[in-house]
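Any value given below was found using the heavy atoms of this structure, including those in side chains, with hydrogens, waters and symmetry copies removed. Protein chains get the first letters and strands the later ones, always in sequence-line order, with residue 1 at the start of each.
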Amino acid sequence: MVLQRSSMSRVAFLPGQIVLILHFKNIKNPNTHPISQPSSMTELETLRHSCAHILANAILALWPEAQFAAGPPTSNGFYYDVDLPHRITPDDFELLEKEMEKITQAAQPFECEVISRDRALEMGLSGELAGLGARSMPSHFKLDIIKRIPPDAPITLYRNGAFTDLCAGPHVADTSKVGAFRLTHVASAYYQGDEKNPQLQRIYGTAFATKQALEDYFNMLEEAKKRDHRKLGKELELFTFDEDVGPGLPLWLPRGTVLIEELEKLAKETEFQAGYERVKTPHIAREQLYKTSGHLPYYAESMFPPMELHEDGGKEKNIYYLKAMNCPHHHKLFAAIPRSYRDLPIRFAEYGTCYRYEQSGELMGLMRVRAMQMNDAHIYCTEEQFAEEFRAVNAMYLKYFHIFGITRYQMRFSTHDPGKLGQKFVDDAQLWIKTENMVRDVLVSSGIDFVEIPNEAAFYGPKIDVQVWSAIGREFTLATNQVDFAVPSRFGLAYTTSENKKETPLCIHRAPLGTHERFIGFLIEHFAGAFPTWLAPEQVRVLPISDKMTSYAQTIVRELRALGIRSCADLSSEKVGAKIRVAQLLKIPYMIIVGAREESSGEISVRSRQNGDEGSVPKENFYHRLKKEIEQRSAC
RNA sequence: GCCGACGUAGCACAGUGGUAGUGCAGCUGAUUCGUAAUCAGCAGGUCAGGGGUUCGAAUCCCCUCGUCGGCUCCA
């Protein structure tokens, strides 16, 4: 299973809700417009785009030599890419915002003018495009952009005050109509997103129709930061990173390990019921395995550098790689024993640990790491069995999403491009069409919303990625499900048919729980650290009123543990209020408070994380309720 | 990987050239308490690491490591 690197898009934040705006290549998208067509921006986008012009205008007022590239609205605001010797830092924002204020207060009308291509080129050469008038240097990025405008498309200018920009528009009526704005950060970006091109400074800002909406947005960002898994991971003692261990290599503390083991328990139960068999494979393999699979050499740069071993007194060199995926190992397990059509489907499952050398700048908490434990399985089946197997896999995804209450996700169905058969995609047009139709049918008949993206399939077959969004709005692939009709034949995998012939099986790679790292990172944010009882690292904390109650508290802990319930007693000499506070901050689902009253009556006083004081109950009643809640994996 | 910012006690932070600080957590003691913080004392640091400038560096400069924000959205 190869989890593809996901694009990191952003979501748009609106007060009180989170609205998704997706950016997919080749997909109709309300936010992107083909260059030749008149733009159809939303009101908010228009406002933000106008803000970008005002930003450029302000930058020019301070640094007239600035050269501008693109300045579009984004999901959360706007930016303008600028080439400028002066390094703009957040310290410059105040000054820039003041300049921008001057422009908005002047209420300069935005005027549109259609010009000829020659006139546009002329203006570009004289530096007037994205400028405050003629300059000694040409507007070279704008000239490049003009070259890329289709010959039949009109070329338009937008002006406000002295500022003129090559722009398709639209814009607000005048510069006073841009609502409330703020510059947010500065980053670098390559011109046209290509690392061969010069690096520009990208100044980001955001704008809303009203000051209140702007404030709401920033408040919401603050709230989102509180559920950032990196922050909660530290506070709740779930995982850590260490410089000596290495970047992107998480260390799981005991509380985080509980999460891992509960997820594995769930996966193992679910997969057992669905007819999977568990396998175990080593973390390394010889170079030859990845030559056979086809991962070498093209995938080599995403793998850790190989280990070279000189065995036989140094005569022979053996090269080993840390595995970046489990599929080749699983294929070898399939190949280990002669297989009959009667044996299929064969479903091999393993929580396999994989290592990928992700670029240092791409690492991000648990969401993108270099060592990951994957909820992997490979299903080998006949073509006839494929639809049913795929349907079952899909049902498993939905079952998991139901358990975790994951409702905000998107299924992304990536298909092939017939024009690229034999290059980007395995050359078997019939099989592509057939499998894609089967996948599509399953999705449609299951009533699942999905987007279809041509040209994004894996080399060996179509795939479905489940996209979700982190607390701070980054999009990533949580889980993936891929059809493979190419690699099994590279491995010479075969089964004997009822006619005693050899046939290559299809393979479904699937990882509905993705990797532990990313899935738990996601769950931490999804639950804001308040895990449902079945997942909670510590399920119950027993709080004795005073140390006279120590032994009764310990009795209760023993009883809970005998029932398999994770619990501890807080025997510190704090007052009960302080103990409650600590337990609440650790987001422990239940507290049991015991004093003399409870000891004599055999009752316990229950306090839940969610509802506070729930009063006294006979302890067996509570144990029973808790056990049921855990067994059922209730949402809360 | 590239660009930028940042790195001070376990955590959150203050300290911009002149003796390294605060709060929480920790430890010790006292307190024995009924639903979100009891009190007191103590300890804790090669200021990420290395090099340089300076009479003197957490502070200025260079290198390395790490973390964070970006690197798709094209007039």
Side-chain angles (χ1 to χ4, degrees), chain A residues 7-10 21-25 29 31-36 39 49 53 68-75 78-79 81 87-91 120 124 129-130 139 141-146 148-149 153-158 165-169 184-195 197-202 204 228 230-231 234-235 237 240-244 246-248 301 357-365 472 475 543-550 573-585 591 593-598 605-607 612-616:
Chain A
S7 65
M8 292 232 185
S9 318
R10 285 163 286 279
I21 296 176
L22 300 165
H23 299 283
F24 297 133
K25 281 177 207 157
N29 174 335
N31 243 21
T32 57
H33 318 284
I35 291 174
S36 58
S39 300
H49 179 51
H53 276 232
F68 292 88
T74 65
S75 327
F78 61 89
Y79 66 79
D81 283 344
R87 284 267 160 220
I88 295 179
T89 71
D91 296 337
L129 297 177
S139 309
F141 296 111
K142 299 291 175 182
L143 283 170
D144 186 63
I145 289 162
I146 293 168
R148 296 153 43 79
I149 300 177
I155 295 179
T156 52
L157 295 181
Y158 272 84
D165 201 354
L166 179 74
C167 178
T184 53
H185 54 288
V186 56
S188 90
Y190 297 102
Y191 178 58
Q192 310 273 329
D194 186 337
E195 59 184 284
N197 286 337
Q199 261 191 334
L200 306 171
Q201 305 185 58
R202 179 167 289 181
Y204 280 94
D228 188 316
R230 292 167 294 190
K231 182 175 153 67
K234 220 174 255 177
E235 288 171 3
E237 297 182 2
T240 188
F241 288 91
D242 185 277
E243 271 197 39
D244 290 347
E301 68 175 39
Y357 192 76
E358 301 285 0
Q359 291 191 28
S360 57
E362 295 274 0
L363 300 174
M364 207 283 254
I472 52 171
E475 175 189 345
L543 314 179
I545 287 298
S546 77
D547 59 14
K548 295 193 187 84
M549 291 299 123
T550 298
S573 62
E574 294 293 334
K575 297 205 275 194
V576 74
K579 294 182 185 185
I580 289 169
R581 181 163 188 275
V582 169
Q584 192 74 34
L585 290 174
M591 291 162 243
I593 293 155
V594 291
R597 285 207 300 265
E598 286 76 13
S605 172
V606 175
R607 184 185 169 94
D613 192 353
E614 294 190 359
S616 289

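Checking B:C11 for Watson-Crick or G-U wobble geometry (two distances, each under 3.5 Å) identifies B:G23 as its partner. Across the strands present, B:A5 finds its partner in B:U67; the criterion is a Watson-Crick or G-U wobble pair with both atom distances under 3.5 angstrom. Across all strands shown, B:C60 forms a Watson-Crick or G-U wobble pair, both distances under 3.5 Å, with B:G52. Applying the Watson-Crick and G-U wobble criteria (two distances, each under 3.5 Å), B:C74 pairs with nothing in any strand. For B:A40, the paired base is B:U28 (Watson-Crick or G-U wobble, both distances below 3.5 Å).
The gap from the C1' atom of B:C33 to that of B:A43 amounts to 28 Å, rounded to the nearest Å. Distance noted for atom P between B:U19 and B:G70: 40 Å (whole Å). Spacing between B:C42 and B:C65 at atom C1', rounded to whole Å, works out to 35 Å. Distance check on atom P: B:C2 versus B:G10 gives 31 Å, rounded to whole Å. B:U72 and B:A37 have their P atoms separated by 49 Å, given to the nearest Å. With both ends at atom P, the span from B:G21 to B:C63 equals 32 Å, rounded to whole Å. For B:G66 and B:G52, the C1' atoms lie 22 Å apart once the distance is rounded to whole Å. B:U67 and B:A12: their P atoms are spaced 15 Å apart (whole Å).
We find that CE of A:M364 is positioned 12 Å from P of B:C71, with the value rounded to whole Å. Rounded to whole angstrom, the span from the CZ atom of A:F78 across to the C1' atom of B:C74 amounts to 17 Å. Per the geometry, CD belonging to A:Q359 stands 11 Å off P belonging to B:U72, to the nearest Å. At whole-Å resolution of the value, CZ in A:F241 and P in B:C68 are 8 Å apart. Between A:D81 atom CG and B:C74 atom C1' the separation is 9 Å, expressed in whole Å. Atom CG of A:D547 is separated from atom C1' of B:G29 by 14 Å (rounded to the nearest Å). The distance between atom CD of A:Q199 and atom C1' of B:C71, rounded to the nearest whole Å, is 7 Å. Atom C1' of nucleotide B:C2 and atom CG of A:L200 are separated by 13 Å, given to the nearest angstrom.
Within the 4.5 Å cutoff, side-chain heavy atoms of A:L129 are placed close to those of A:L157. Between A:M591 and A:Q584, the closest side-chain pair of non-hydrogen atoms falls below 4.5 Å. When side chains are defined from C-beta on, A:I593 counts as touching A:I580, because their heavy atoms get closer than 4.5 Å. Between A:Y190 and A:P198, every side-chain heavy-atom pair lies at or beyond the 4.5 Å cut-off. Considering only heavy atoms from C-beta on, A:H49 comes within 4.5 Å of A:C167 through its side chain. When side chains are defined from C-beta on, A:T74 counts as touching A:Y79, because their heavy atoms get closer than 4.5 Å.
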Item to complete: Any chance you could lay out the side chain to side chain contact (heavy atoms under 4.5 Å, CB included) test for A:D165 and A:Y158, step after step, and finish with the verdict?
Response: CA-CA 5 Å; A:D165 201 354; A:Y158 272 84; 5.5 Å; no
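A:K579 places a side-chain N or O within 3.5 Å of a backbone atom of A:P544 that can act as its donor or acceptor partner.
With B:G7, B:U35, B:G69 as the candidates, the nucleotide lying closest to the side chain of A:D613 is B:U35. Of the candidates B:G1, B:U32, B:G34, B:G34 carries the atom nearest the A:I593 side chain, counting heavy atoms from C-beta on. With distances taken from any side-chain atom of A:Y190 to the nucleotides B:G34, B:C71, B:C74, the minimum falls on B:C71. For A:H185, taking side-chain heavy atoms from C-beta onward, the closest of the listed nucleotides B:G70, B:C74, B:U32 is B:G70. Relative to the side chain of A:S546, the nucleotides B:U32, B:C3, B:G69 differ in distance, and B:U32 lies closest. Residue A:K234 places its side chain closer to B:A12 than to any other of B:G69, B:C71, B:A12.
Note on A:G615: nothing from the nucleic acid sits closer than 4.0 angstrom, heavy atoms only. Residue A:I146 is classed as having no contact, given no heavy-atom separation below 4.0 Å to the nucleic acid.
Between the base of B:C3 and the side chain of A:R202 there is no donor-acceptor pair shorter than 3.5 Å. With hydrogens and angles ignored, no donor-acceptor pair under 3.5 angstrom links the side chain of A:S188 to the base of B:G4. A donor N or O paired with an acceptor N or O is found under 3.5 Å between the base of B:G34 and the side-chain atoms of A:E598.
The phosphate of B:G69 has OP1 or OP2 within less than 4.0 Å of a side-chain N or O from A:R230. At least one side-chain nitrogen or oxygen of A:Y204 sits closer than 4.0 Å to the OP1 or OP2 atom of B:C71.
Mapping A:H49 and A:G246 onto RNA chain B by nearest heavy atom places A:G246 at the nucleotide closer to the 5' end.
From A:F141, atom CZ reaches atom CD of A:Q192 across 9.5 Å, with rounding to the nearest 0.5 Å.
Considering only residues two or more places apart in sequence or on other chains, A:T240 meets the side-chain hydrogen bond (donor to acceptor under 3.5 Å, both in side chains) condition with none of them.
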Worksheet, complete the sentence: Protein-proximity profile, nucleotides 36-47 of chain B, B/S/- by nucleotide at the 4.0 Å heavy-atom cutoff, equals BBB---------
